[in-house]
Amino acid sequence: MQTAEIRQRWLNFFEGKGHTVVPSASLISEDPSLLFTVAGMVPFIPYMSGLVPAPYPRATSVQKCVRTLDIEEVGKTTRHGTFFQMNGNFSFGDYFKKEAIAYAWEFLTGSKESGCLGLDPQLLWVTVFQDDDESISIWRDVADIPMERIQRRGMKDNYWSTGQPGPAGPCSEIYYDRGPAYGREGGPEADEDRYIEIWNLVFMQYERGQGTGKDNFEILGELPKKNIDTGMGLERVAFLMQGVENLYEIDQVRPVLDLAAQLSGKTYGAVVEDDVRMRVVADHVRSALMLIGDGVTPANDGRGYVLRRLLRRSVRAMRLLGVDTPIFKILFTASKDAMKAAYPELETDFERILKTAIAEEETFLRTLTAGTVYLDEALDAVKASGSKQLAGDAAFLLHDTYGFPIDLTLEIAEEAGLTVDRDGFKSLMAEQRDRAKADAREKKLGGTDLSVYSAFRAKGVTKFAGYEELATGAEVLGLIVDGADAKHAKQGQIAEVILNETSFYAESGGQDSDAGFIVADGMQLEVLDVQKPVKGLISHKVLVRSGEVSVGQKVTTQVDADWRLGACQAHSATHVVHAALRQVLGPSALQSGSYNKPGYMRLDFAWTQALSLETRSEIEEVTNLAIRGDLAVSAQYMSLPEAKTWGAVALFGETYDESVRVVQVGGPWSRELCGGTHVARSSQIGLVSLIGESSVGSGSRRVEALVGIEAFRALSAERALVARLSESMKAPKEQLEERLAQTIEELKVAQRKLAAVQASQLATRIPELIASAKEFKGSKFVATNLGELDSVDDLRTLASQLRDKFGDTSATAALFAVIAEKPMLVVATTITARQHGIKAGALVKVASAILGGGGGGKDDMAQGGGQDVSKIDAAVVAIEGALNA
RNA sequence: GGGGACUUAGCUCAGUUGGUAGAGCACCUGCUUUGCAAGCAGGGGGUCAGGGGUUCGACCCCCCUAGUCUCCA
């Protein structure tokens, strides 16, 4: 049975049991502390914990998941994959153990004709938590499983909790027996390779307290609402049902594996190391495909870095298989074709996905080339030193600084007949890990407690009236002062206000929160910030300007009209700039983040190179033409699939409800899912002026722009600047550029001439200086103070010329000058003088010490300086003394 | 979030106890020659990423900022 079919059967089955089918959430987790969606229940956490009331009593999903903790194990075992799909059914205070077990049994063992999987009941084993007799009796009841195939296990295996206070409870797991060929008898307790876990049923029925680890905590009591959370590994069931050996050989993965074999000319199943490499390629390419599909782009940190590792490890594995040409185009196409039955959006987005993957492949190939040069040098050095081993720090430097993978280093070193100090490398890696971990621990002390909001959220959502009006009547439902529930807040205090309804826009979707006031008779609150701490709940952070605010009070929310207009202009401008970017650069220039507030907007987007000035102008032009076009801006609600067929751009990393809001500018010209506030027509944006373009890391760029009156003011200020320049340069602005270039050129010529004149003027003094030479111990000595000079270069040139004039007589020149009010000297010696043991460097040291400074140089030429100009004569005497000694 | 490396002529890059910034290619001029990266001679071209500090003196040492590459979490 094809994987896509198992998936569809699952959804159909649970829909038939009254479950709401929830589409897979993005791999990009909404929870910022999680890199990715790592389990099927992640999108349902707020409902499980009771923070947000569940919109449905029971739900089912097939969730895309990525886990890279065990990335090193991929390909070596049957169980580790970085991308997998988790089938789940969930109950939020609705059904409990009995139904959960019955559904699971029915779906696994029911006939294929009835839409189930038709597995042989004799091959299924179950485990339960040691004290959970209730589950055992249900299993006996509904499934008639013999006691021999039910095993009790402890906290470590069969008790679930988040690791923190909150819901917890026992689990029951279902295993599939692959037969005696795969291991020993005795059920999952004995052998988890023969008995494969396929489904975990979690019964959340208790509230856990403080504690550490998996088994060291206290149970506080029963939960008021008991939940069911189950997860069936789709890949595991698929590989068992397809009669293959592991998850790399199922229909959704195998084609890429075969392609890796074909491209490298190797046979799958022949050499263990090569098999692992082929599986790595098959697994990683699929994970990368799905991540890019969900909008992740390669980067140096966070999610992007995980993606980069997957892509680079794929290239590396192919190299080790002997393929060093670009291969992503064929591999990704094959993976896409294997996955598109379940995820049709991969086909429509494939151009963008492939472009992203290939760009990373190219940059990595460049990195490898650079690393190879360095490695070759290092290996030559090792050979030259007579050693047989490349040091651990050299291998680490290659890996850490040049991004050159360690196993390629090992391979290339081996070809050169050398070994690598692996232990040294490993310990350096461990050091780096410890550094990063220690840092992460330090920064983690910021987990905010949201429980104070859950009581308010339980009463319902805050109604947002701000799309239609700037002011609205409301009632104060709650106050939070210093993180705690409060009844009143007095003048001068800062408090959070929860209302039943508000016209204030809370910061989201990149748009800054509204400014304004909340007022009532004799009371005024200045709104400082507006946030949505919990989905559906709006909290206003306010300063009590006058009077006192109390729970139950009737108030009016008044958004500052000027502020809001600016905010609308900026947010609409963001959409227009985004559309212009995609029009000019192509559809892969997808927004990855944005921020806007009155007068200003910035937009981060996926792009690999800096934008040229011409491209920036073009984007600015397209943007402002769209503004001049007076396009209608509208917002309407529709279902997510409907929005997708409209071609609306969904911003990755955001999660959307069943009903989404689509904001259009000029109909299809720009369509984005967005909850922000906008102007009514594009012309109201006024003006957009790009002020900057920069990098936010490899593969991601940022544009910044001023919007509306702010844009005008900035341009106006620049115009004034040009006018002032024009005036001081005495040239009309059209000729300003030319005039400036000309002036700079003239200045350069004049400086050069001046330098030449000064040099020749100094050169005229040479005969006079030679004539003034004294003689010490048979060697000539010239010393003079040239007075004020511009640079030490002149001094040096003259000293050098003087020395040349002396030819092969023994002579020393010591020239002094005052440069920038400090005494400087240069000493030059002829070859003959040096043969007599006269050293310029030593003489400079003697003289500069007297001048109150220091100096040095070589035997032939040296320079130095000091602080005290009046000591020059004394310095000359000191040199003469040294020559006489 | 924490590390490491890099930024020098139009391009590719050298440049150690801190003491006058270089090479190859490209460019300009002249000669020679006219067959595949032509040769010879001469020449122009540099805020050594930007800013600050230490020093008599910084491409070099220290600090900050920006850009680029890279590893770890």
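Side-chain atoms are counted along with the backbone in the values below, which use heavy atoms only and exclude waters and symmetry mates. Fair warning: this is a prediction, and the values are worked out from it, not measured in the lab. Every chain is numbered from 1 and lettered A, B, ... according to where its sequence line falls, protein lines coming before strand lines.
To the nearest angstrom, C1' of B:U16 lies 11 Å from NZ of A:Lys858. The separation between A:Asp400 atom CG and B:G4 atom P is 9 Å, rounded to whole Å. Put simply, CD on A:Glu72 is 14 Å from C1' on B:A73, counting in whole angstrom units. Rounded to whole Å, the distance from CZ on A:Arg313 to P on B:C71 is 12 Å. Nucleotide B:U70 holds its P atom 16 Å from the CE atom of A:Met429, rounded to whole Å. The interatomic distance linking A:Leu825 (CG) with B:U20 (C1') rounds to 15 Å, in whole Å. Rounded to an integer number of Å, the gap from A:Tyr374 OH to B:U70 P is 17 Å. For the pair A:Leu408 CG and B:C71 P, the computed distance is 12 Å after rounding to whole Å.
Of all nucleotides listed (B:A73, B:U20, B:A5), B:A5 comes nearest to the side chain of A:Tyr402. Checked against B:G4, B:U20, B:G2, the side chain of A:Arg796 finds its nearest nucleotide in B:U20. Listed nucleotides B:G4, B:U70, B:A5 differ in distance to A:Thr367; the shortest reach to its side chain belongs to B:U70. Of the candidates B:G4, B:G3, B:A73, the closest approach to any side-chain atom of A:Ala436 belongs to B:A73.
Between the side chains of A:Ser810 and A:Thr832, no donor-acceptor pair of N or O atoms lies under 3.5 Å. Inspection of the A:Thr77 and A:His80 side chains reveals an N or O donor paired with an N or O acceptor under 3.5 Å.
Ring-plane geometry between A:Phe425 and A:His399 is classed as perpendicular, the angle between the planes exceeding 60 degrees on a 0 to 90 degree scale with a lower cut at 30.
Closest approach of A:Ala817 and A:Asn785 over heavy atoms only: CA-OD1, 3.9 Å.
Judged by distance alone with a 3.5 Å cut-off, no donor-acceptor contact links the side chain of A:Gln432 to the base of B:G4.
Using a cutoff of 4.0 Å between basic side-chain nitrogens and carboxylate oxygens, A:Asp859 and A:Arg834 are not scored as salt-bridged. A salt bridge does not link A:Asp868 to A:Lys822: none of the charged nitrogens lies less than 4.0 Å from a carboxylate oxygen. Salt-bridge annotation for A:Arg316 and A:Glu411: absent, with no side-chain N of the basic residue lying under 4.0 Å from a carboxylate O of the acidic one.
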* Intermediate values then yes/no, salt bridge (Lys or Arg N to Asp or Glu O under 4.0 Å), A:Arg309 and A:Glu360 -> CA-CA 10 Å; A:Arg309 273 183 73 167; A:Glu360 180 63 17; over 6 Å; no
N/O contacts under 3.5 Å, protein versus nucleotides 54-60 of chain B?
from  : atom 1 : to       : atom 2 : distance (Å)
B:C56 : O4'    : A:Gly865 : O      : 3.3
B:C56 : N1     : A:Gly854 : O      : 3.1
B:C56 : O2     : A:Gly865 : N      : 3.2
B:C56 : N3     : A:Gly854 : O      : 2.7
B:C56 : N4     : A:Gly855 : N      : 3.0

* Based on Watson-Crick and G-U pairs with both distances under 3.5 Å, what dot-bracket line describes RNA chain B 5' to 3', crossing pairs as [ ] and inter-strand pairs as |? -> (((((((..((((.....[..)))).(((((.......))))).....(((((..]....)))))))))))).
